[in-house]
Amino acid sequence: MNDASAGAARHTWIRERIAQVPRVRLALTPTPIEEAPNLSRALGGPRIFIKRDDLTGVAFGGNKLRNLEFRLARTMAEQPDTVVVGLDIQSNSARQTIGACNKLGLKTILVLEGTQPEIVQGNLLVDYLLGADVVFAPTREAQRAALDEHAARVRAAGGRPHILNDNPMFDVASALAYLETTVELLEQMERAGVQPNALYMSSSGKGQAGLVLGKRLTNAGHAVHGVTATNEFHVPSRTAAIANETLQVLGLDMRVTEDEILNDAGFVGAGYGIPSEASVEATRLFARTEGVILDPVYTGKAAAGMIAHIRERRYGKDDVLVFVHTGGTPAVFTWNTLWL
Ligand SMILES: Cc1ncc(COP(=O)(O)O)c(C=O)c1O
């Protein structure tokens with residue numbers, strides 16, 4: 001077998017393993033991959049491609065639609081009529097979850113931690129537009145209590161609630177999704193006649209676990225760089241743990257260790273959810289060179305990490321980077337004064 005057919009056989013084998021996990025179809029995939037020559041030129045750096053996972057379709061798209069295919073398959077097995085879910089006020093996950101539930105004919109009750117802001121913008125605005133029953137809870141504990149209360153109320157009225165926060169699939173579903181994305185992306189790059197040297201993605205561990213498995217299981221030579229947008233947990237150990245849990249689900253007898261995980265915590269700035277000077281610069285640069293909209297709290301920080309590595313001259317002109325755009329674009333409207 002030559003290298004190309006061995007690679008194709010490995011891809012088929014990975015897809016077959018993933019196909020054993022129940023799934024509903026939600027995301028528009030394969031998402032496009034496009035070269036960003038103006039961005040490369042502006043940075044005087046390597047070739048850059050953008051994997052457009054901001055274009056997965058439902059409710060402005062983003063990375064969560066891929067994992068919702070597995071999570072909501074698990075949900076649907078219980079035949080609910082209502083999904084009750086607790087998330088944050090500007091959650092990209094909330095927006096995509098409600099959009100996905102709409103497609104599956106499920107009502108949604110969204111319990112957000114915090115108080116209703118005076119100006120409703122960004123993801124929250126879209127949550128309302130999508131028709132979720134939006135309620136607020138001041139603390140995490142109150143949010144948990146509200147999830148149970150609302151589920152009980154639906155049940156008392158004869159409905160069938162499912163609390164999505166209790167669905168155990170979130171981590172593994174994200175890793176499966178980005179394992180599959182690796183195969184998708186490598187096939188697209190192969191058709192374009194190029195091999196990536198490194199992938200960059202905004203990561204708090206879940207999707208990155210899939211990219212790490214993708215590199216391992218395809219035997220690919222590229223590096224996987226996660227850039228975290230939060231200091232709330234230690235991302236490398238979380239990524240390795242999720243990768244190992246996913247290997248178990250796939251029935252594969254191997255292990256990933258924390259020291260193989262590259263995750264840069266140097267671009268969080270003042271904290272989770274707060275734009276940094278570097279993320280604003282990166283967001284402007286992608287927009288002004290390629291017409292690609294990032295957001296200043298996730299993808300902008302990941303792009304800032306990639307840009308910093310390019311400016312440190314870690315890559316030559318012939319090297320090839322792929323920036324995995326995980327979405328989050330509605331956040332630009334909540335930070336409107338940054339762009340004026
Ligand atoms: C736009 C965006 N990028 C990246 C992430 C991080 O993804 P993960 O939790 O899979 O690491 C999120 C998570 O909410 C997100 O909304």
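Every heavy atom of this structure was used, including side-chain atoms; hydrogens, water molecules and symmetry mates were not. Remember, it's 1-based here, ligands and their atoms both numbered in the order they're listed.
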Between Pro138 and Glu113, what is the shortest heavy-atom contact and its length? O-CG, 4.3 Å

Any donor-acceptor pair under 3.5 Å linking the side chain of Lys317 with the backbone of Gly44? yes

Would Gly328 count as a polar contact of ligand 1, with the cut-off being nitrogen or oxygen pairs under 3.5 Å? no

Kindly identify the option in Gly210, Ala173, Ser204 whose heavy atom sits closest to atom 11 (O) of ligand 1. Ser204

For ligand 1, which atoms have a heavy atom of Gly327 less than 4.0 angstrom away? 1 (C)

Among all protein heavy atoms, pick the one closest to atom 9 (O) of ligand 1 and tell me residue, atom and distance. Lys206 NZ, 2.7 Å

Got a donor-acceptor contact below 3.5 angstrom from the Gln208 side chain to the Pro236 backbone? no

Residue, atom and distance of the protein heavy atom nearest atom 7 (O) of ligand 1 read Asn63 ND2, 3.3 Å

With only distance considered, is Gly205 within less than 3.5 Å of ligand 1 through an N or O on each side? yes

Hey, does Ser93 sit under 4.0 Å from ligand 1 if you only count heavy atoms? no

Determine whether any heavy atom of Lys64 lies closer than 4.0 Å to an atom of ligand 1. yes

Please determine if Lys206 forms a cation-pi arrangement with Tyr178, meaning its NZ or CZ atom is less than 6.0 Å from the six-membered ring centre and no more than 45° off the ring axis. no

Hey, does the Lys NZ or Arg CZ of Arg95 hover above the aromatic six-ring of Phe60, less than 6.0 Å from the centre and inside 45° of the axis? no

What is the closest protein heavy atom to atom 3 (N) of ligand 1, and at what distance does it sit? Thr326 OG1, 2.6 Å

Walk me through it: do Tyr200 and His309 pass the test ring-ring contact (aromatic ring centres under 6.0 Å, His included)? CA-CA 11 Å; Tyr200 281 82; His309 290 179; 5.5 Å; yes

State the atoms of ligand 1, each with its element, that fall below the 4.0 Å cut-off from a heavy-atom position in Ser203. 11 (O)

Given the options Arg66, Arg15, Arg191, Glu184 meets salt bridge (Lys or Arg N to Asp or Glu O under 4.0 Å) only with Arg66

How far is atom 10 (O) of ligand 1 from the closest protein heavy atom, and which atom is that? Gly207 N, 2.9 Å

In the protein, what heavy atom is nearest to atom 16 (O) of ligand 1, and what distance, to one decimal place, separates them? Asn92 ND2, 2.8 Å

Testing Thr334, Asn92, Asp295 one by one against Asn123 for a side chain to side chain donor-acceptor pair (under 3.5 Å), which residue passes? Asn92

